[in-house]
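Encoded as structure tokens, the structure appears first; notes follow it.
Counting begins at 1 with the first residue of the sequence. Computed from a predicted structure; not experimentally measured.
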Amino acid sequence: MLTTATSAGADARLEQIARLNDRTRLGLDRSARIVITRNCLERLAESEGAPEETIVLQARLMAAFRHCTFSEDSPERDFAAIEFLGRKVWMKIDYYDAAMEFGSEDPADASITTRVMTILLPEDY
């Protein structure tokens with residue numbers, strides 16, 4: 001019976017982390033940071049059909065990740081890969097302490113965790 005209780009607690013914690021990551025990805029977490037690598041923006045801007053304005057490109061990229069789906073191997077919903085303007089683009093969420101000096105002690109606790117969502121090309125990794 002102890003295993004079931006521990007498993008239920010772990011499942012609840014995992015779901016809490018996933019919900020907080022969704023808030024970040026949807027732009028609802030005011031404390032989160034969103035970073036798009038320079039290489040990613042430059043390469044996407046060179047793509048056929050890319051908007052001329054960088055801010056429009058960024059907005060469309062963010063919108064694409066708002067509607068992405070996650071594979072089963074990403075239960076925290078902290079990693080996604082999409083096709084955008086003919087290129088594969090990744091999104092990764094990392095967890096830092098409030099001062100952004102170290103990793104967060106508990107990513108399920110929004111009061112002590114700053115999330116950083118990075119959008120990048122696979123070659124940027």
Side-chain angles (χ1 to χ4, degrees):
M1 193 68 152
L2 181 61
T3 305
T4 305
T6 303
S7 178
D11 288 346
R13 183 176 185 281
L14 190 63
E15 184 54 34
Q16 173 66 8
I17 292 169
R19 277 194 300 272
L20 291 168
N21 288 345
D22 287 344
R23 288 183 50 76
T24 297
R25 187 175 47 82
L26 296 171
L28 302 174
D29 182 350
R30 295 175 59 142
S31 68
R33 306 292 186 264
I34 298 173
V35 178
I36 304 173
T37 65
R38 179 177 295 178
N39 182 58
C40 181
L41 282 177
E42 288 175 0
R43 298 295 169 254
L44 291 173
E46 296 168 355
S47 301
E48 186 173 323
E52 288 185 28
E53 297 293 325
T54 303
I55 191 75
V56 175
L57 176 64
Q58 291 174 17
R60 288 184 184 168
L61 186 56
M62 289 297 298
F65 277 108
R66 284 186 186 105
H67 302 289
C68 69
T69 57
F70 296 90
S71 65
E72 289 184 25
D73 64 348
S74 184
E76 292 182 3
R77 298 193 289 268
D78 64 341
F79 176 83
I82 63 169
E83 286 289 322
F84 184 79
L85 294 175
R87 297 194 71 122
K88 182 169 285 254
V89 181
W90 290 353
M91 180 276 310
K92 175 71 177 116
I93 298 176
D94 295 298
Y95 318 115
Y96 294 92
D97 65 3
M100 294 189 59
E101 293 180 16
F102 304 102
S104 174
E105 290 184 21
D106 183 6
D109 185 349
S111 69
I112 63 167
T113 303
T114 299
R115 285 174 160 66
V116 177
M117 182 173 97
T118 304
I119 297 175
L120 65 156
L121 298 179
E123 63 204 55
D124 295 333
Y125 190 73

Which heavy atom in [X] sits nearest to a heavy atom in [Y], and how many Å separate them?
X	Y	result
Ala80	Cys68	CB-SG, 3.7 Å
Phe65	Met91	CE2-CB, 3.3 Å
Gly49	Arg60	O-NH1, 4.4 Å

Subject >> Exercise: do Asp124 and Asn39 side chains pair donor with acceptor under 3.5 Å >> reply: yes
Original post:
Do Asp97 and Ser104 have side-chain N/O donor and acceptor atoms under 3.5 Å apart?
Top reply: no
Straight-line distance of [X] [atom1] to [Y] [atom2], nearest 0.5 Å:
X	Y	atom1	atom2	answer
Glu46	Leu41	CD	CG	11.0 Å
Asp22	Arg66	CG	CZ	12.5 Å
Arg33	Tyr96	CZ	OH	12.0 Å
Leu26	Met117	CG	CE	9.0 Å

Min side-chain heavy-atom separation [X]-[Y] under 4.5 Å:
X	Y	value
Pro107	Leu20	no
Phe79	Trp90	yes
Glu15	Arg77	yes
Leu121	Lys88	no
Ile17	Tyr95	yes
Leu61	Ile36	yes
Phe84	Leu57	yes
Phe70	Arg25	yes

Original post:
In this structure, are over 12 heavy atoms from other groups packed under 6.0 Å from Glu105 atom CD?
Top reply: no
Subject >> Whether over 12 other heavy atoms sit under 6.0 Å from Glu53 CD >> reply: no
**OP:** Check step by step if side chain to side chain contact (heavy atoms under 4.5 Å, CB included) holds for Val116 and Thr118.
**Re:** CA-CA 6 Å; Val116 177; Thr118 304; 4.0 Å; yes
Original post:
Side chain of Ser47, backbone of Ala50: donor and acceptor closer than 3.5 Å?
Top reply: no
Original post:
Quick check: does any side chain N or O of Thr113 sit under 3.5 Å from a backbone N or O of Asp106, one acting as donor and the other as acceptor?
Top reply: yes
**OP:** Show the numbers, then the answer: is there a side chain to side chain contact (heavy atoms under 4.5 Å, CB included) between Leu44 and Val89?
**Re:** CA-CA 9 Å; Leu44 291 173; Val89 181; 4.2 Å; yes
Original post:
Sequence neighbours excluded, which residues qualify as side-chain hydrogen bond (donor to acceptor under 3.5 Å, both in side chains) partners of Thr54?
Top reply: none
Original post:
Step by step, would you call Ile119 with Met62 a side chain to side chain contact (heavy atoms under 4.5 Å, CB included)?
Top reply: CA-CA 9 Å; Ile119 297 175; Met62 289 297 298; 3.6 Å; yes
Subject >> N-O pairing of Asp29 and Arg115 below 4.0 Å >> reply: no
Original post:
Hey, is Glu76 close enough to Arg19 for a salt bridge, meaning N to O under 4.0 Å?
Top reply: no
